[in-house]
Amino acid sequence: MDHRPYRVAQELELLLGDPEDPESAFPHALSLELDEREEFPAPICRALESWGLQEYYIPAEYGGRLTDYETVMQVMRVVARRDLTVAIGHGKTYLGGVCVWVSGSESQARRLAEDIRSGVPVSLALTERAHGSDLLAGDVLGEPDGSGGWRLTGEKWLINNATRGSLLSVLTRTHPEGGPRGFTVLLVDKRTLTQGEHYRCVPKIPTHGIRGADISGIAFDGAPVPAGAAVGAEGTGLETVLKALQLTRTMCSSLSLGAADHALRIALDFAERRELYGRRLVELPQARHVLASAAADVLAGEALATVAARSVHTATDELSVAAAVTKYLLPTGTEAVIAELTRLLGARAFLKGVHARGMFQKVDRDHRIVGLFDGNTLVNLNALVNQFRTLARGWQRGTGDTAGAARAFDLRTELEPLEPERLSLVARRGSGIMATLPESVAALREEAARRPELKGALGPAERLLTAAGRIHEEMDTYRSVVGDVPPQAFDVARRYSLVLAGAAALGLWAHNHRTGSAGRTAGLWQDAVWLWPVLDRLLVRLGEQHTGEPEAYPRLLEHLRAATAAGELFSLLPLRLHSAPAAGTVPAGAPAPARGSAGPATAGTHSTPVHTDTGTPPDSGSGHPRGRHAE
Ligand SMILES: Cc1cc2nc3c(=O)[nH]c(=O)nc-3n(C[C@H](O)[C@H](O)[C@H](O)COP(=O)(O)OP(=O)(O)OC[C@H]3O[C@@H](n4cnc5c(N)ncnc54)[C@H](O)[C@@H]3O)c2cc1C
């Protein structure tokens, strides 16, 4: 099945060339070198801008290429898969601008679009030295200047691109008492201020991950900010930020997916080549289990991220749920995948410059920030606890936007432009994605009655449905929690997230398995090859008994190996990577990639046939791909 978001992402991927070629636009060697020197990846960002990456941060109505969030998610996944520092350092401009897309005026949005198009970095400045998640505690003060504008004083700290950027969306206390109506987002333009007099930049703060990023801050001292800088009406800052964060939290999934893609590829490459006890590591049952479980977790994340990104358009007023689940589950899921793969890699995960030049360790370090910023793990679970009342009631009544959820599941549905005014702080009727779970399970039940090969996936689907009923009952007991959230309620929110991911996976499979059963990823969709292990893994993570069904995984693992050997991203839908596969690189016993997978190399790839992962001529005697990450 050919799907536009993957096609656009593939276009960028192919243009960026072979990351193992130091002469290409975005090579791993350069990423590692800049990371070592803690230097901003400016040359790589310039290459991305020549393709027009920044256009994807600008909604189409203002002349950009942001037509739908699913495409942006896949595009940023490709960038993150190569280097998270670049994805976060460059993608930050979307976060910087998003408050204007949500609440700004038409003229403000058009001016901002021009700046972003010309490559001006934009920051989002919420955090202060003394206040992180507690947005209502912010001390940066905007005092009225008597002519409708403000004089800004105070420090925003730990701000991505605060020094390099020219524009900042600053959450400002505009009423001395603060409170929900006491803050305003001001779009501050440093170019109109005098450095040293109105503001000074806080020096770069050294970090363990994304070392090259400009994580700094800015201290204002009576900086004049005109009335026209207010994004939305005075006092609406908190609401604007909370709505904007629903979009950015959904998009953070691209960072976690890209990191997981990269980590999985490095680990598989090692397992394919490492020989011990007279066999290759990939042939040992435990290693196979780790790789297959990781593969299932990556696809579970991809299914959820896809549905959530599409639901930005199709079920906008329920994004408060999908965004919180996604921002909780994708980063923690990838952290767990990386932890398991670390054990598989053994010493190679610890050594610098040996396997994959030590890139695995950079992926690990870099990714840790994704679960911390833009609302950390607990903040997102807390956001779900705050909605337990409506979510439990919606489940009991079967309400929620099920039609919107169905449009999110069905990949043939064209997405309408986002209407930001439909964003809501609470999903009042519950979650439509969750409400479809009973009908998705019923559809699978019906299908499995005709096709016994689907019975494997049906088992965990039924169990997920039972778990959903139980979890909603537990949620109901915490429906009145305000303020201090007990640890048990956080755990209920965690389990709710896993069940919602299952509902997303089932909905996606139910609506697309017929069209999905054609093209280069056909083998994953036929016989629910991806769905069974994904649902089984969700049950494992839910802590259910008698899970880890061994039969669910072997075919998935062989697809992972075949896709990797064929130069494809391991994903639900086709995305060709930088170079074409050479004949004979598919691991012995792996299913042959469907027709069309071995397309010719295009922009940025070698013109002569090479092993996808070796850069050497095909060696028909090897029978398996030899990784090119030289040791
Ligand atoms: C590399 C990097 C880049 C960043 N970029 C930006 C940026 O561009 N713009 C920006 O505004 N900020 C940015 N930040 C700041 C980041 O968003 C905050 O650090 C984040 O909100 C978490 O806050 P905190 O951990 O610093 O402190 P706090 O939020 O005060 O958290 C302290 C502890 O309290 C816990 N906690 C928080 N909320 C709850 C809750 N509801 N229930 C229970 N426990 C809770 C946390 O888990 C944590 O353990 C960045 C941070 C880093 C490290």
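Values below: every heavy atom of this structure, side chains too, minus hydrogens, waters and symmetry copies. Just so you know, ligand 1 is whichever comes first in the structure, and atom 1 is the first atom listed for that ligand. Note that the coordinates shown come from a computational prediction; the quantities given were computed from them, not determined experimentally.
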- Message: Under a 4.0 angstrom heavy-atom cut-off, which atoms of ligand 1 come close to N376?
- Response: 37 (C), 46 (C), 47 (O)

- Note on the structure: Note: ligand 1 atoms sitting under 4.0 Å from heavy atoms of I215 are 1 (C), 3 (C)

- Item | W157 and ligand 1 - part of the residue with a heavy-atom distance under 4.0 Å | neither

- Item | Aromatic ring pairing H28/H262, orientation class (parallel under 30°, perpendicular over 60°, tilted between) | parallel

- Message: Using a 3.5 Å cut-off on N or O atoms only, is N382 in polar contact with ligand 1?
- Response: yes

- Message: Quick test of your reading of the model: are R265 and D261 salt-bridged, counting only N-O distances below 4.0 Å?
- Response: no

- Message: Please list, in number order, the atoms of ligand 1 under 4.0 Å from a heavy atom of I159.
- Response: 7 (C), 8 (O), 9 (N), 10 (C), 11 (O)

- May I ask whether I88 has any heavy atom positioned less than 4.0 angstrom from an atom of ligand 1? no

- Query: Is it true that K156 lies under 4.0 Å from ligand 1, counting heavy atoms only?
  - Reply: no

- Task: Run the numbers for me: atoms of ligand 1, each under 4.0 Å from some heavy atom of V379, listed by number.
- Result: 38 (N)

- Against heavy atoms of D374, which atoms of ligand 1 measure under 4.0 Å? 17 (O)

- Message: Check the orientation of H472 and W395. Use parallel for under 30°, tilted for 30 to 60°, and perpendicular for over 60°.
- Response: parallel

- Message: With respect to D134, determine whether any N or O atom, backbone or side chain, lies less than 3.5 Å from an N or O atom of ligand 1.
- Response: no

- Numbered atoms and elements of ligand 1 in range of N160, under 4.0 angstrom, heavy atoms: 5 (N), 7 (C), 8 (O)

- Message: My understanding is that we take every heavy atom of each candidate and find the minimum distance to atom 2 (C) of ligand 1. Doing that for T377, I369, L158, which one comes out nearest?
- Response: I369

- Query: Between D476 and R389, does at least one N-O distance fall below 4.0 Å, as a salt bridge requires?
  - Reply: no

- Between R211 and E39, does at least one N-O distance fall below 4.0 Å, as a salt bridge requires? no

- Task: Please determine if E33 and R37 form a salt bridge, counting it only when a charged side-chain N lies under 4.0 Å from a carboxylate O.
- Result: yes

- Query: Does any N/O atom on K92 come nearer than 3.5 Å to any N/O atom on ligand 1?
  - Reply: yes

- Between E13 and R82, is the closest basic N to carboxylate O distance under 4.0 Å? yes

- Message: Show me which atoms of ligand 1 lie under 4.0 Å from any heavy atom of F373.
- Response: 17 (O)

- Under a 4.0 Å N-O cut-off, is there an ion pair linking R181 with E239? yes

- Looking only at distance, does L126 have an N or O less than 3.5 Å from an N or O of ligand 1? yes

- Is it possible for you to check whether R164 lies under 6.0 Å from the centre of the six-membered ring of F40, through NZ or CZ, and within 45° of that ring's axis? yes

- Note on the structure: In short, A233 meets T184 closest at the heavy-atom pair O-CG2, 4.2 Å

- Query: With a distance cut-off below 6.0 Å to the six-membered ring centre and an angular limit of 45° from the axis, does R110 pair with Y62 as a cation-pi contact?
  - Reply: no

- Purely on distance, is any nitrogen or oxygen of L124 under 3.5 Å from one on ligand 1? yes

- Query: Distance below 4.0 Å between atom 49 (O) of ligand 1 and any protein heavy atom?
  - Reply: no

- Message: At less than 4.0 angstrom from any non-hydrogen atom of L372, what atoms of ligand 1 do you find?
- Response: 20 (C), 22 (C)

- Sub-3.5 Å N/O-N/O distance, A125 and ligand 1: no

